[in-house]
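Below is one structure, written out as structure tokens; comments come after it.
In what follows, chains are A, B, ... by sequence order, proteins preceding strands, each numbered from 1.
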Amino acid sequence: MKSNLEARQSIPRMEVGLDSSIPVRVRFAPSPTGRMHLGSARTALYDYLLARRTGGKFILRIEDTDRKRFVEGAEQELIDGLRWLGLEYDEGPDIGGPYGPYRQTERQEIYRKWADELIERGHAFYCFCSPDRLERVRQEQLKNKQPVRYDGTCRALEPEEARRRVRAGEKHVIRFKMPYEGETRAYDVMRGEIIWQNRDLDDAILLKSDGLPTYHLAAMADDYEMRITHVIRGSEWLSTFPLHVNLIRALGWPEPVWMHLSVFLKPSGKGKMSKREAAAALNDGYSIFIKDLRDLGYIPEGVLNWIVLMGWGVAEDDVMTLDEMIQRFDIKNLNPAPAAINFSKLDHFNGTHIRRLAVEDLAGRIKPYFERAGYRVDEAKLLRIVPLIRERLVTLDDCLPFAEWFFKENVSPAPEALVAKGLTPAESAAVARKMYNILSALPEITHAAAEPPLRALVEQLGLSPSQVFGILRVAVTGQTVSPPLFESMELLPRHTILQRLQNAIVMLEQM
RNA sequence: GCCCCCAUCGUCUAGCGGUCUAGGACGGAGCCCUCUCAAGGCUCAAACAGGGGUUCGAGUCCCCUUGGGGGCACCA
């Protein structure tokens, strides 16, 4: 038996057609059984990048052959997620294309045809074993510490007899006839050649008793029919990889270029992402689901930059737009090792991309937050607020705590917050009164007009700027944390500022 | 249990036999700036899992061990 080493050396590194002058056809093929999460988004992103980089086509195909696990609305969430991320596909169930339909349940004749073809060629067989019997065999094998595999009962049937039973209406499935001897070699661009001993492989079911295909048949047949050139999928498919290449070779189809992406691990790096872990993330204000991320105030630019780097390394300059990713993407740089999810890095990229947004753009994105909070938003004012809060936002919904007070009729500061550090309430009130006198003497409270005299006051009182301005900040904004004070006050009517300061003085005097 | 994949700072990674006293980013620590919070600038701590080979030379190639992950469905 040959070792992996010899085998690897005996096969030259395959030419995989990654030259950007060769347009690829890639597909993102999710099943509508759950929510769109980080893993699926990254796969779709890499598909998209490869397609755009090579001038090829990015296709969305819905793998809905599992009727039992079908989830209503899942397909829409998938589509919404792709659109939100900006991963526009060229062919898909809702937009059509030359190789449609793009939903597997609408392509059943195709699978039936190929399953028959496989039987015809002797690469598949009818199987009449009941789930019950299969389960008993499984238990027996487990008990005897034997590999768990189909025991070949129906594979031994005479083809004529099997055909007769099928015609008689007996319930059956179609299984792939995996070679008993020899080995199967397949090539993954990221991982190199992988070798399996055929005796370790199973006779997988290709067509279920309900007449629908399993993934193995459906995906391979569709990839062939849709002229897919590169298959990017999760590493959970590595174990059925030999089945897939054997199936393709049995039918004489051209083999696509394969790459199996690693899975995401939970933030600690210890163990895979689980339901429990997903719930924990949500508890911390994060999520592994694309739609949640959107609802949480993350922007596509940030999310994309974050996930593109989980499994793809760049030496420097890791802040990128989608277009820049297309320019720089190269599957040669993909990393096969599992990656731990790091949410603080998501925050970083999100904040960074928010800061890079043009004022009008950011204004348009945060406007709905104020409207949903019940405020009437003046466009011109919002445009002036944005530069003040832009570098403070990690997520879009941070705009509320920073700028909500701009839209409020009145603010209601906590009395204790009005008291400057190191001063008594009475002393603070006195300082506030002095500020009132200065500001009320100004015809207009602008940054330029207000700051010099107030600084002079700070100087004259022998206090620190933060003590004095702190009182003013809380009085005017109602909060201890706010955008820059003087710039902010410019956006408020003079009488509003004076009124709020007056209210603060009263509150301080009553303490 | 069986098959397969993976392995550089806490995390994401650069590295494709000598240029590595191992580079970047997030996070952390400190300093600067400063009206709060941020942003920004500077500095610091932090890694080649272990053991064998191959080679003049190994983070880089091979093997083993260990550790992590995936799969073993009429699910995808």
(message) Taking the P atom in each of B/rG30 and B/rG70, what is the distance between them to the nearest angstrom?
(response) 38 Å

### Message
With rounding to the closest Å, how many angstrom separate the P atoms on B/rG50 and B/rC37?
### Response
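Result for the P pair: 43 Å, nearest Å.
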
N or O in side chain of [X] less than 4.0 angstrom from [N] OP1/OP2:
X: A/Lys208; N: B/rA76; value: yes
X: A/Arg355; N: B/rG40; value: yes
X: A/Thr65; N: B/rA76; value: yes
X: A/Lys272; N: B/rG68; value: no
X: A/Arg67; N: B/rC75; value: no

At 4.0 Å (heavy atoms only), tell me whether [X] reaches a base, stays on the sugar-phosphate, or touches nothing.
X: A/Pro267; answer: nothing
X: A/Arg390; answer: nothing
X: A/Val263; answer: sugar-phosphate
X: A/Arg149; answer: nothing
X: A/Gln141; answer: nothing

Nucleotides 42-45 of chain B: which of its N/O atoms have a protein N/O under 3.5 Å away?
none

What I want to check is whether an N or O donor and acceptor connect the side chain of A/Ser209 with the base of B/rC74 at under 3.5 Å.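 For A/Ser209, whose side chain was compared with the base of B/rC74, there is a donor-acceptor pair (under 3.5 Å).
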
Pairing nucleotide - B/rC26, Watson-Crick or G-U, each distance under 3.5 Å: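 B/rG10 - that is the nucleotide pairing with B/rC26, both distances being under 3.5 Å.
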
Stacked cation flag A/Arg165 on A/Tyr126, 6.0 angstrom / 45 deg: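 Checked: cation-pi criterion not met.
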
Report task. Answer yes or no on whether A/Arg175 is positioned over the face of A/Tyr150, meaning its NZ or CZ is under 6.0 Å from the six-membered ring centre and within 45° of the axis. Result ->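 The answer is yes, since A/Arg175 meets both limits relative to A/Tyr150.
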
key: Exercise: do A/Asp66 and A/Tyr215 side chains pair donor with acceptor under 3.5 Å   = no

Assess, by modelled atom type and distance only, whether the side chains of A/Ser31 and A/Arg69 contain a donor and an acceptor separated by less than 3.5 Å.
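There is no such pair (donor and acceptor under 3.5 Å, judged by atom type) between the side chains of A/Ser31 and A/Arg69.
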
What residues form a ring pair (Phe, Tyr, Trp, His ring centres under 6.0 Å) with A/His216, not counting sequence neighbours?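 Counting only residues at least two positions away or on another chain, A/His216 forms a ring pair (Phe, Tyr, Trp, His ring centres under 6.0 Å) with A/His244.
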
Side chain of A/Asn333, heavy atoms from C-beta onward: which of B/rG15, B/rA25, B/rC37 has the nearest atom to it?
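So the nucleotide nearest the side chain must be B/rG15.
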
